[in-house]
Enquirer: 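Next up is a structure, given as structure tokens.
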Amino acid sequence: MGSNEDIMISVKPGVKGGTFMVRGAAVLTNVPANITVTPVNDGSVFVGANATSSSSRHVFNLGTLQEHRLVCLFRFKIWWMIPCFGTSGGDIPAETQMLLLEVENKFYVLILPVLDGQFRTSLQGTPDNELEFCIESGDPDVQTTKIKEQVFVNSGNNPFNLIRNSIKILEKHKGTFKHIDNKQKPEHIDWFGWNTWDAFYCNVDPEGIKDGLENFSKGGCPPKLLTIDEGWQNIFPSYAENPTGELSRLINLEENAKFKGSKLDKSGKNLRDFIKTIKQKYGLKYVYIWHAMAGYWGGVLPESEVMKKYNPKIQPVVQSPGNLTHVVCSTLDNIQEKGIGLIDPSKIRDFYNDFHSYQASCGVDGVKVDVQGVLELLGAGYGGRVSLTRQYLGALEDSVTETFKSNNLICSMSLNTDFLYSTKKAAAARATEDFMPNEPTFQTLHVAAAAFNSLLIGEIIVPDWDMFYSDHITAEFHGAARALSGSAVYPGSHDFDIIKKIVLPDGSILRARYAGRPTRDCLFNDPVTDGKSLLKIWNLNKLSGVIGVFNCQRAGIWPPIKGSIYMPAPGSGTPISGIVSAGDVDALEEVAGENWRGHCAVYACLSGSLKTMSKDAKFQVALEHLKCEVFTVSPIRAFSEDLRFAPIGLLDMYNSGGAVEAMDSENKSSECKIKVRIRGCGRFGAYSNKKPKCCSMNEKDEEFIYNPIDGLVTVKVEGEYSSREMAMKY
């Protein structure tokens with residue numbers, strides 16, 4: 001994505017008279033004398049500090065931050081991140097991993113705490129509105145006084161380009177991770193998937209999986225990806241022997257008894273036979289399987305004969321003080337008490353290679369690797385949290401690409417910067433805490449957190465917005481959000497009317513091109529608790545943009561706390577109004593083409609209305625609680641002096657414009673032919689200021705309907721072709 005809004009800034013940020021200045025504006029005041037500034041390039045700098053003594057953990061005051069609108073992303077649990085909003089340093093929580101400021105309503109300043117050597121950095125505020133940065137190694141023996149490149153600062157006129165360009169600068173400078181543009185994306189993200197977790201939790205078994213696949217097939221929406229989540233492994237204590245939730249550890253690499261012998265009925269004798277059977281019967285393209293970063297939640301069992309070759313030992317866990325200021329996840333209680341059965345980092349590559357080779361021999365095509373953030377607790381004696389993470393993550397990434405011959409890896413519980421700034425191959429990761437169908441106050445928070453978190457993580461991985469229930473009270477709310485998220489889609493449960501608004505008959509999805517993010521005018525407004533703001537999320541397709549508008553108010557509070565506020569039924573309560581513009585699609589000019597003159601066709605998916613307007617024109621939207629609307633924004637191209645045309649796409653899909661692949665035209669003296677390459681089936685729509693003379697599909701004439709009032713051309717597209725050409729003659 002590019003923008004003319006971004007210009008080169010020759011004067012780099014720096015400290016002058018105790019004030020940290022950016023573009024001539026004061027961002028921080030009362031800056032201590034020990035703060036250092038090191039230029040990078042293009043107006044960006046690293047901020048560090050001079051330490052008087054060596055330590056494995058330092059906290060430094062950067063100065064006073066006041067009177068700037070801000071949004072930050074912080075870890076409220078060790079595994080997960082959410083946004084926070086404010087105007088001063090005191091509003092910034094511990095464990096903040098991104099800070100974006102709006103300065104004087106003129107430009108934006110991005111502050112990123114990063115990794116430097118063996119140290120990881122985070123931001124935090126104080127009651128006196130001071131902004132601090134904390135560096136820590138996680139190993140008492142790894143100490144430093146050299147703090148030079150811990151905090152990255154950059155500025156720009158466009159917040160999305162600012163974040164994107166900054167991540168690319170860091171990628172080049174640090175050399176420890178790669179931008180998403182430079183990674184191979186996993187194959188599964190463009191296909192409809194089903195994850196077994198919300199259906200069975202740890203009680204997953206072959207019979208349940210087959211029943212689920214059968215129900216999807218009968219509903220006309222067979223998934224192409226199956227992820228067998230937690231519950232298939234051999235652990236001690238076993239799932240059946242552990243009703244009290246004692247910490248379990250992995251004892252070997254094979255499937256447990258549920259997936260062997262008589263338990264499989266007619267599906268063979270083992271996991272390999274079962275996967276072969278369901279692939280053949282249900283047309284699955286990919287089967288992924290779950291495991292934890294350390295093998296299982298409690299790691300591996302050191303006493304196991306199978307595991308001894310990897311030299312495991314029980315490693316105690318030590319939490320960062322920053323994590324302890326927030327929600328301490330209950331899953332850590334047993335881990336804190338009993339430690340992790342940690343494989344020797346020098347043997348972890350062998351473990352992953354053996355584990356994945358066995359899975360591949362069973363027909364598994366990829367893995368979902370969970371509980372990744374636990375490594376930050378285990379760094380003592382191993383060079384610290386960053387060093388341990390990089391050893392494990394590098395081994396994992398290499399094993400996946402070498403064993404499965406593709407980058408078929410989903411990372412989860414990995415939203416720490418140890419992971420983000422160390423991943424060179426992993427290209428898909430969970431963006432939020434789990435979708436929890438039985439927690440009514442979490443529903444809107446899930447969507448809002450995923451969108452805001454995607455501001456940062458969407459530049460490094462494809463954010464995975466997790467599964468959702470298609471027959472839930474919030475099904476349309478979640479379904480619409482997933483459709484424009486740029487994420488893979490995993491509907492659980494079965495309301496096929498909802499699923500068919502996301503999934504095509506061939507099992508592919510109309511995935512938008514980038515990570516769905518809040519629109520520019522939403523960045524500094526709390527869409528969950530301020531009682532007045534709607535959440536708008538934008539994305540791009542190949543020839544159009546998409547904007548989702550969501551009423552997330554009055555359902556819960558940050559951070560997610562069970563039962564915090566009772567959730568009224570969808571549509572109840574006083575509607576909240578907001579302003580929408582075609583220009584909310586921030587990079588629309590990227591797909592508009594040379595014959596765009598600044599006007600757009602805007603189609604509302606749920607209400608079915610079409611309007612045309614200039615890019616900067618605004619209109620009002622009012623939504624009741626837990627309601628949403630999705631707008632396809634298609635630039636109107638001029639094909640002659642009196643012909644204007646804009647493809648919309650499949651009108652009954654949430655992301656209508658995702659169905660439009662390409663457009664071309666042929667102009668002759670007597671006629672103009674507009675050719676649109678589309679995929680999928682259903683009602684195809686386009687805006688035209690004139691009624692076409694005729695319409696054809698793959699050179700076969702088709703009937704169409706033209707509405708002269710709004711200019712909507714509608715054609716019924718039948719069959720299950722993956723791609724076809726529609727032509728309209730004028």
Enquirer: Nearest 0.5 Å please: distance from the CD1 atom of Ile92 over to the SG atom of Cys72.
Expert: 5.5 Å
Enquirer: Assess, by modelled atom type and distance only, whether the side chains of Arg75 and Asn323 contain a donor and an acceptor separated by less than 3.5 Å.
Expert: yes
Enquirer: Checking Asp128 side chain against Glu130 main chain: does a donor-acceptor pair fall under 3.5 Å?
Expert: no
Enquirer: Kindly assign one of parallel, tilted or perpendicular to the pair Phe468 and His478, based on the angle between their ring planes and the thresholds 30° and 60°.
Expert: parallel
Enquirer: Would you kindly say whether Asp434 and Trp80 are connected by a side-chain donor-acceptor distance under 3.5 Å?
Expert: no
Enquirer: Check this for me, if you would: do Asp370 and Arg430 make a salt bridge, where the nitrogen-to-carboxylate-oxygen distance has to be below 4.0 angstrom?
Expert: no
Enquirer: For His326 and Phe74, take the angle between the two ring planes, folded into 0 to 90°, and tell me which bin it lands in: parallel under 30, tilted 30 to 60, perpendicular over 60.
Expert: tilted
Enquirer: Under a 3.5 Å distance rule, please check whether Glu95 uses its side chain to pair with a backbone N or O of Phe76 as donor and acceptor.
Expert: no
Enquirer: Before giving the answer on salt bridge (charged side-chain N to carboxylate O under 4.0 Å, His left out), spell out for Arg482 and Asp466 the whole-Å C-alpha distance, their side-chain angles and the decisive distance to 0.1 Å.
Expert: CA-CA 9 Å; Arg482 301 306 190 280; Asp466 200 23; over 6 Å; no
Enquirer: Is any side-chain heavy atom of Leu606 closer than 4.5 Å to a side-chain heavy atom of Cys628?
Expert: yes
Enquirer: I need the minimum non-hydrogen distance between Ser487 and Pro463, along with the two atoms involved.
Expert: CB-O, 3.1 Å
Enquirer: Answer yes or no: is there a donor N or O on one side and an acceptor on the other, between the side chain of His472 and the main chain of Pro437, under 3.5 Å?
Expert: yes
Enquirer: Run the salt-bridge test on Lys168 and Asp181 with the 4.0 Å N-O cut-off and return the result as yes or no.
Expert: yes
Enquirer: Between Val151 and Ile111, is any pair of side-chain heavy atoms under 4.5 Å apart?
Expert: yes
Enquirer: For Arg511 and Gly486, indicate whether the former's side chain and the latter's backbone hold a donor-acceptor pair under 3.5 Å.
Expert: yes
Enquirer: Apply ring pair (Phe, Tyr, Trp, His ring centres under 6.0 Å) to Phe85 and list each qualifying residue two or more places apart in sequence or on a separate chain.
Expert: Phe452
Enquirer: Nearest 0.5 Å please: distance from the CZ atom of Arg554 over to the CD atom of Glu624.
Expert: 9.0 Å
Enquirer: What are the two closest non-hydrogen atoms of Ala448 and Pro527, and how far apart are they?
Expert: CB-CG, 4.1 Å
Enquirer: Can a cation-pi geometry be assigned to Lys611 and Phe619, taking NZ or CZ under 6.0 Å from the six-membered ring centre and within 45° of the ring axis?
Expert: yes
Enquirer: Search all heavy atoms of Ala515 against all heavy atoms of Gly458 and return the closest pair with its distance.
Expert: CB-CA, 3.9 Å
Enquirer: For the residue pair Pro559 and Leu445, what are the closest heavy atoms and their distance?
Expert: C-CD2, 4.4 Å
Enquirer: Can you tell me how far OG1 of Thr444 sits from CG of Leu535, rounded to the nearest 0.5 angstrom?
Expert: 9.5 Å
Enquirer: Are a donor atom and an acceptor atom from the side chains of Asn655 and Asn541 found within less than 3.5 Å of each other?
Expert: yes
Enquirer: Once you round to the nearest 0.5 Å, how far does NE2 of His68 lie from CZ of Phe524?
Expert: 11.0 Å
Enquirer: Treating Ser656 as the side-chain partner and Leu650 as the backbone partner, does any N or O pair qualify as donor plus acceptor under 3.5 Å?
Expert: yes
Enquirer: Pro647 and Ser634: which non-hydrogen atoms are nearest, and at how many Å?
Expert: O-OG, 2.6 Å
Enquirer: CG of Leu110 to CG of Leu456: how many Å apart, nearest 0.5 Å?
Expert: 8.5 Å
Enquirer: For Asp198, does its backbone N or O pair with a side-chain atom of Tyr469 as donor and acceptor, under 3.5 Å?
Expert: yes
Enquirer: Decide, yes or no, whether a salt bridge links Asp652 with Lys501 under the criterion of side-chain N to carboxylate O below 4.0 Å.
Expert: no
Enquirer: Is a donor from one side chain sitting under 3.5 angstrom from an acceptor on the other, for Ser155 and Arg23?
Expert: yes
Enquirer: For Asp530, give me all partners under side chain to side chain donor-acceptor pair (under 3.5 Å), at least two apart in sequence or on another chain.
Expert: Ser533, Gln553
Enquirer: Got Glu102 and Val109 here, is their nearest side-chain heavy-atom distance under 4.5 Å?
Expert: no
Enquirer: Excluding sequence neighbours, so at least two apart, what forms ring pair (Phe, Tyr, Trp, His ring centres under 6.0 Å) with Phe216?
Expert: Phe192, Trp194, His494
Enquirer: Taking side chain as C-beta onward, heavy atoms only, is His446 less than 4.5 Å from Thr474?
Expert: no
Enquirer: Step by step, would you call Phe550 with Phe477 a ring-ring contact (aromatic ring centres under 6.0 Å, His included)?
Expert: CA-CA 8 Å; Phe550 302 85; Phe477 194 87; 5.3 Å; yes
Enquirer: Any donor and acceptor pair, going by atom type alone, linking the side chain of Ser508 with main-chain N or O of Leu504 inside 3.5 Å?
Expert: no
Enquirer: What's the separation between atom CD1 in Ile167 and atom CD in Glu459, rounded to the nearest 0.5 Å?
Expert: 7.0 Å
Enquirer: Is there a donor in the side chain of Thr519 and an acceptor in the side chain of Asp584, or the other way round, less than 3.5 Å apart?
Expert: no
Enquirer: Using the ring of Phe160 (Phe, Tyr or Trp, six-membered ring only), decide whether Arg520 places NZ or CZ under 6.0 Å from its centre and within 45 degrees of its axis.
Expert: no
Enquirer: Side chains of Asn129 and Thr64 only: does a donor on one sit below 3.5 Å from an acceptor on the other?
Expert: no
Enquirer: Are Lys627 and Glu476 close enough for a salt bridge, meaning some N to O gap below 4.0 Å?
Expert: no
Enquirer: State whether the side chain of Ser88 and the backbone N or O of Leu65 hold a donor-acceptor pair below 3.5 Å, judged by distance alone.
Expert: no
Enquirer: Could you report the tightest heavy-atom contact between Phe107 and Gly156, atom names first, then the distance?
Expert: CB-O, 3.6 Å
Enquirer: Can you find a side-chain donor-acceptor pair between Tyr490 and Asp464 that sits under 3.5 Å?
Expert: yes
Enquirer: Counting N and O atoms only, with roles assigned by atom type, does the side chain of Asn707 sit under 3.5 Å from a partner on the main chain of Ile709, one being a donor and the other an acceptor?
Expert: yes
Enquirer: Is Tyr706 reaching over with its side chain to a backbone N or O of Ser688, donor-acceptor style, under 3.5 angstrom?
Expert: yes
